[in-house]
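See structure below.
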Amino acid sequence: MDMKSVEAKWQKRWLESGENEFNEKNIDKKYYVLEMFSYPSGAKLHVGHWYNFGPSDSFARFKKMQGYEVFEPMGFDAFGLPAENYAIKTGIHPQDSTLKNIETMEMQLKKMGAMFDWNHEVVTCLPDYYKWTQWLFLQLYKKGLAYRKEAPVNWCSSCNTVLANEQVQDGLCERCSTPVVRKNLTQWFFKITDYAEELLFGLDKLDWPEKTKLMQKNWIGKSTGSEIVFKTEKGSSFKVFTTRADTLFGVSYTVLAPEHPLVKKLTTKEHKKEVEDYLVETSKCNEIDRLSTQREKTGVFTGSYAINPVNGEKIPIWIADYVLFSYGTGAVMGVPAHDDRDFAFAKKYNLPVKRVIEGGELPFTEYGTLVDSGKFSGMKSEEAKKAITQELQSEGKGSLKTNYRLRDWLVSRQRYWGAPIPIIYCPHCGTVPVPESDLPVQLPYDVDFTPDGKSPLLKHEKFMNTVCPICKAPAKREPDTLDTFVCSSWYYLRYADNKNKNAPFDKDKADKYLPVDKYIGGAEHACMHLLYARFVTKALKDMGYIDFDEPFLSLVHQGTILGPDGFKMSKSRGNVVSPDEYIEKYGADAFRIYLMFGFSYIEGGPWNEKGIEAIAKFLERVERISDIANSLKNTPSQKQKGEREKQLDFVRNNTIKCVTNDMESFSFNTAVARIMELVNALYKYYGEGVDDVALFKDTVRDLVLLLAPLTPHFAEELNERAGSGKSVFRYSYPICNEKALVLDEIELAVQINNRIKCKLVVPTSCDNKEIEKRVLALPQLKEELKDGYKKIIVIPKRLVNIVK
RNA sequence: GCGGAUGUGGCGGAAUGGCAGACGCGCCAGACUUAGAAUCUGGUAUCUUCGAUGUGUGGGUUCAAGUCCCGCCAUCCGCACCA
């Protein structure tokens, strides 16, 4: 088959007939299949795109043939740094390169033969989309979920921008590998921590990989403990968070993070120089160095003392950079006897080590029985934690407290290529949100975005200078743009109603299209995109814009296709495999089914080109058997099926059953394997003589239908050759006839002490008792069983084990 | 350092606790052919045969372990002192 022309032919027909368009009339039967949209960085699709979209589309087509009205939209996550960096390097404007890349990618995506409904396309860098990203920002602002604060941030001096913690890799900028330093800036944040608990508990009901749920759970990092107030000798006080209130009598010092506001106040004259030097040292350190486990712990004494609230002991207050201001209260109590870190610190600075829990060698970090702890001595740790906290609470010195590791989402970017933050700063009215009627705040085209440490928009006077929406006085705009994760945190909603000019989406539509039934994308998004999207959905629900609180009911991560050398594909390594030449040679269908057959979808693996030739031959083999079937004259089916026919019918229905299950669970490689078996069975039957033409033809028919989701163009062509006047996707997916799977006889393995001795064929109607009887009567076992046996185990349809 | 995942023929990879290696590649053989290619068919874990050994490694549970439990090794990924 000339796949090139066949593919072009069917793509044209699908387009003309609107085959892939979502029909809202059937929305009650909707099934929303969503692949994570792509970033238009390079112009061409790479193997990863094909691996994500191809099999996912096959799943979507499978669902369609099962009678669902499938919604499979596609779009582009088009804002972001790479386009800006590319522009800085080449002088080509990000908008120009991005739109051009999108055009090329759209064309290539269409050649993939996926059933994307392009009527619902979204492109996040276009004003009709980012208008609503800005709207989202304003809603969160109104709800108190967007706020500004000064915070130490990761600064990449090469990109001249702030990086979120999760974008820093090994102390280097994730994208350009420049060492990251710390810098204070006033930034916009989304208060995702308000939803920490909901985000955590919502995980339970999601059909997501357990591993991903675990990662999100750890990312949210809930820990329950106590917050304890330490008064200082001078009268001020600070709180520490601890999960080990039971060790409170063992506190021999406390530590504040260097950024803690009390540091200045608590530092005495004698220690001022030392402390100041230490603060300078710390600020030079980037966060990664500071958090390195390799580095020895350091700290300085402030000269001040705190009072242990439980026994009035005077304990020194230290400053150390191993305490993070961003977690807990930014202060910890040091219990050297029962914490590894505190032990090391105390040894280094000669601080007392006081045991308060019975047990092994110090530091002893397990739970146990309290000693030297006043009236709490003798209690178990679990009990004491509560009792001590309760006592402190009654004196206003502490309380139970739940802490989360999750931090608020920093959304400001000092970059050009993003959605402008819709905020105006007025000298009289302060921070004023842009009125919704004034959206979008257009991103100007003529901007100098050469990095110089400032937001590019700051240098664009026409953009910056505006009037206050309230008092009409001259005012300035916010020069920062939004993190692209904001754009991608709600795109699945916009797909449902992408042309809406009055709202981001119609509530009714969103509630009907969503939630997404199957979301497919890389595991690298486990903690960022997937968490942000869940947060936005929950926030929008609470504001009444939608009725559901989870965006993605079921999630699948595809694996990664590595280079032939087993390493991640990268230009620098020179192991990038381009799909283009394969598609040119074998066609999109062969390439798609090869990707499905050659790898375990969830695992991925190194690229291996040997298999693709084989799969192309397999398709030719299917074509030949299909042509044979078409050439046979119709004759009525046999009334009484012969053994060979029963066998063929068995394989046919077994294939249907297995492939259906495999498709459902994204086990595409085994689905293809089962289809190959069916083809083998058809050839065998043909080779021995087609006695039942109708059965043969029906089986070939099922073969074509089973292949349709995997190789859409190819199956359409075979379907047409078989005389059908309509699209193969208008037929329903084959349904297994369970009766055909009931065999008259079945072969069991017979074991003695787990060693296979022989095989036994029994009628399927035999019950276990009957099977036992027959096995024990086997002449070949007579000698072995002459001394009797202990027990006999019958596993229906599998084996019999006799234990001697 | 902590956490997670993975480890099966020459290769890609299959196996609800129940006959390990489905399916495919490769290889070998046969048929067809003057010949080759293509195609179709059969074979293909290892060991010296009988029957023994085999899923990184050492234990354990079980009538039965690739699968479950405990330890170790290797590789990959995630997170970075989380109080």
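Residue numbering restarts at 1 for every chain, and letters A, B, ... go by the order of the sequence lines.
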(message) For A/Trp318 and A/Phe345, I'd like to know if the aromatic rings sit close, meaning centre-to-centre distance below 6.0 Å.
(response) yes
(message) Tell me if the aromatic rings of A/Tyr582 and A/Trp607 count as close, with their centers under 6.0 Å from one another.
(response) yes
Just checking [X]: base, sugar-phosphate only, or nothing, at a heavy-atom cut-off of under 4.0 Å?
| X | value |
| --- | --- |
| A/Asn801 | base |
| A/Gly611 | nothing |
| A/Glu747 | base |
| A/Gly522 | nothing |
| A/Ile615 | nothing |

(message) I want to verify a distance call: between B/G24, B/A64, B/A83, whose nearest atom is closest to the A/Thr243 side chain?
(response) B/A83
(request) May I have the step-by-step check of side-chain hydrogen bond (donor to acceptor under 3.5 Å, both in side chains) for A/Thr711 and A/Asp589, ending in yes or no? (result) CA-CA 5 Å; A/Thr711 52; A/Asp589 279 352; 4.8 Å; no
(request) Could you check how far CE of A/Met333 sits from P of B/C81, rounded to whole Å? (result) 19 Å
(message) Could you check whether the side chain of A/Lys790 and the base of B/C63 have a donor-acceptor pair of N or O atoms closer than 3.5 Å, going by distance alone?
(response) no
(message) So, under a plain 3.5 Å distance rule, would you say the side chain of A/Arg244 forms a donor-acceptor pair with the base of B/A83?
(response) no
(request) Please lay out, stage by stage, how A/Asn669 and A/Ser600 fare under the test side-chain hydrogen bond (donor to acceptor under 3.5 Å, both in side chains). (result) CA-CA 6 Å; A/Asn669 54 349; A/Ser600 158; 4.9 Å; no
(request) Check whether any side-chain nitrogen or oxygen of A/Ser223 sits under 4.0 Å from OP1 or OP2 of B/A83, and answer yes or no. (result) yes
(request) Respond yes when some side-chain nitrogen or oxygen of A/Tyr322 is under 4.0 Å from OP1 or OP2 of B/A83, and no when none is. (result) no
Could you go through nucleotides 39-42 of chain B and list every protein N or O atom that sits under 3.5 Å from one of its N or O atoms, giving the distance for each pair?
from  : atom 1 : to       : atom 2 : distance (Å)
B/U39 : O3'    : A/Arg624 : NH2    : 3.1
B/C40 : OP1    : A/Arg621 : NH1    : 2.7
B/C40 : OP1    : A/Arg624 : NH2    : 3.2

(request) For B/U6 versus B/U46, give the span between their P atoms, rounded off to a whole number of Å. (result) 28 Å
(message) Measuring only the C1' atom in each nucleotide, how far is B/G66 from B/U55? A whole number of Å is fine.
(response) 5 Å
